[in-house]
Amino acid sequence: MISSQRKIANGDVIIVYERHDTMKAIKVSEGSELQNRFGVFKHGDWIGKTYGSKVLSNKGGFIYLLAPTPELWTLVLSHRTQILYIADISFVVSFLEVVPGCVLLESGTGSGSLTTSLARAVSPTGHVYTFDFHEQRAASAR
Ligand SMILES: C[S@@+](CC[C@H](N)C(=O)[O-])C[C@H]1O[C@@H](n2cnc3c(N)ncnc32)[C@H](O)[C@@H]1O
């Protein structure tokens with residue numbers, strides 16, 4: 001898991017927050033740009049900033065650079081299947097008493113929404129094995 005104190009590095013996957021209903025996952029790549037209705041944002045300007053930082057575009061527009069928590073990942077992942085949302089994920093994690101150190105086997109990775117929360121719940125010493133018989137979905141989730 002990425003600590004919110006950590007600085008953004010080239011190659012990190014981050015969540016770009018434009019508005020509460022507009023967020024996307026982006027891989028930081030020095031030399032690349034993000035263009036949206038608020039202007040042009042250079043990835044290079046993000047490197048070295050703390051997660052949670054607000055950054056400005058060439059036009060003075062702004063976005064926030066967030067760490068990819070399981071909750072945010074659930075909201076931005078591309079839906080390849082129906083997915084579990086936070087309310088159900090919370091129930092599953094507490095009902096199964098998933099705690100750090102647990103070793104889990106999940107059958108039916110789907111889009112990986114549940115998987116990321118399971119991985120956080122068992123960290124730092126546990127492990128989640130997840131399986132999907134749909135090869136393409138398994139590859140995308142990976
Ligand atoms: C609704 S999706 C799971 C969504 C996932 N929990 C999430 O939150 O993103 C169900 C997945 O189970 C997989 N699946 C169904 N039957 C399976 C089986 N017998 N073995 C492995 N995967 C299976 C499907 O391919 C599909 O990707």
Side-chain angles (χ1 to χ4, degrees), residues 1-57 59 61-142:
M1 190 171 58
I2 293 180
S3 154
S4 56
Q5 298 307 309
R6 223 196 78 186
K7 306 256 191 268
I8 294 170
N10 195 29
D12 279 1
V13 174
I14 66 169
I15 308 292
V16 168
Y17 175 104
E18 294 179 14
R19 296 175 3 159
H20 72 281
D21 58 354
T22 316
M23 287 187 278
K24 58 179 81 142
I26 290 185
K27 185 167 189 172
V28 177
S29 171
E30 199 164 10
S32 297
E33 293 176 343
L34 165 72
Q35 285 193 41
N36 63 17
R37 64 203 146 129
F38 304 119
V40 178
F41 298 85
K42 292 185 174 164
H43 288 206
D45 294 343
W46 305 348
I47 295 168
K49 293 242 185 306
T50 307
Y51 278 96
S53 293
K54 178 178 177 178
V55 291
L56 300 179
S57 72
K59 292 190 200 163
F62 63 86
I63 55 174
Y64 291 93
L65 310 174
L66 306 180
T69 61
E71 289 77 12
L72 290 176
W73 193 250
T74 287
L75 296 177
V76 302
L77 58 76
S78 65
H79 287 208
R80 299 171 287 272
T81 59
Q82 287 192 321
I83 67 165
L84 263 69
Y85 287 92
I86 293 308
D88 293 318
I89 291 172
S90 306
F91 176 76
V92 170
V93 169
S94 62
F95 193 74
L96 292 180
E97 299 180 17
V98 179
V99 293
C102 281
V103 176
L104 303 179
L105 172 60
E106 177 192 31
S107 181
T109 314
S111 303
S113 175
L114 174 63
T115 318
T116 51
S117 284
L118 294 178
R120 179 179 60 186
V122 305
S123 71
T125 52
H127 199 92
V128 178
Y129 296 91
T130 183
F131 171 73
D132 201 302
F133 65 7
H134 192 288
E135 208 174 325
Q136 234 175 320
R137 275 182 213 143
S140 300
R142 196 173 292 120

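As the structure lists them, so they are numbered: ligands from 1, and atoms in each ligand from 1. Because the structure is predicted, anything quoted here is derived from the model rather than measured. Only this structure's heavy atoms are used, side chains among them; waters, hydrogens and symmetry mates stay out.
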| request: Give me the ring orientation class for Phe91 and Phe95: parallel if the planes are under 30° apart, tilted from 30 to 60°, perpendicular past 60°. | output: parallel

| task | Please determine if Leu114 has a nitrogen or oxygen closer than 3.5 Å to a nitrogen or oxygen of ligand 1. | result | yes

| Numbering the atoms of ligand 1 from 1, which are under 4.0 Å from a heavy atom of Ser107? | 20 (N), 21 (C)

| Protein heavy-atom partner closest to atom 12 (O) of ligand 1 - residue, atom, separation in Å | Gly108 CA, 3.2 Å

| query | Do Leu118 and Val93 come within less than 4.5 Å of each other through their side chains, counting heavy atoms only? | reply | yes

| note | Within 4.0 Å of some non-hydrogen atom of Phe131, the atoms of ligand 1 are 20 (N), 21 (C)

| query | So which protein heavy atom does atom 11 (C) of ligand 1 come closest to, and at what separation? | reply | Asp132 OD2, 3.6 Å

| query | Looking only at non-hydrogen atoms, which of His134, Arg137, His79 approaches atom 26 (C) of ligand 1 most closely? | reply | Arg137

| Distance-only, no hydrogens or angles: does the His43 side chain make a donor-acceptor pair with backbone N or O of Ser29 under 3.5 Å? | yes

| task | Report yes if some heavy atom in the side chain of Phe41 is under 4.5 Å from a heavy atom in the side chain of Asn36; otherwise report no. | result | yes

| request: Give the atoms of ligand 1, by number and element, whose distance to some non-hydrogen atom of Gln82 is under 4.0 Å. | output: 1 (C), 2 (S), 4 (C)

| task | For atom 14 (N) of ligand 1, grab the closest protein heavy atom and report residue, atom and distance to one decimal in Å. | result | Phe133 CE1, 3.6 Å

| request: For Leu84, counting its heavy atoms only, list the atoms of ligand 1 lying under 4.0 Å from any of them. | output: 6 (N), 7 (C), 8 (O)

| remark: So the atoms of ligand 1 within less than 4.0 Å of a heavy atom of Thr81 turn out to be 2 (S), 4 (C), 27 (O)

| message | Strictly distance-based, threshold 3.5 Å: is any side-chain N or O of Ser53 a donor or acceptor partner for the main-chain N or O of Thr50? | response | yes

| note | The option among Ala141, Ser113, Gly110 carrying the non-hydrogen atom nearest to atom 7 (C) of ligand 1 is Ser113

| If only atom types and distance count, is the side chain of Arg80 paired as donor or acceptor with the main-chain N or O of Ser111 below 3.5 Å? | yes

| Which ligand 1 atoms are under 4.0 Å away from a heavy-atom of Thr109? | 5 (C), 7 (C), 9 (O)

| said: One pair to check against side-chain contact (heavy atoms from CB on, under 4.5 Å): Asp12 and Trp46. What are the steps and the verdict? | reply: CA-CA 11 Å; Asp12 279 1; Trp46 305 348; over 6 Å; no

| Heavy-atom donor-acceptor pair, Asp132 side chain to Ala138 backbone, under 3.5 Å | no

| field | Parallel, tilted or perpendicular: ring planes of Tyr85 versus His79, cut at 30 and 60 degrees | value | tilted

| query | What atoms in ligand 1 come closer than 4.0 Å to a heavy atom of Ser111? | reply | 9 (O)

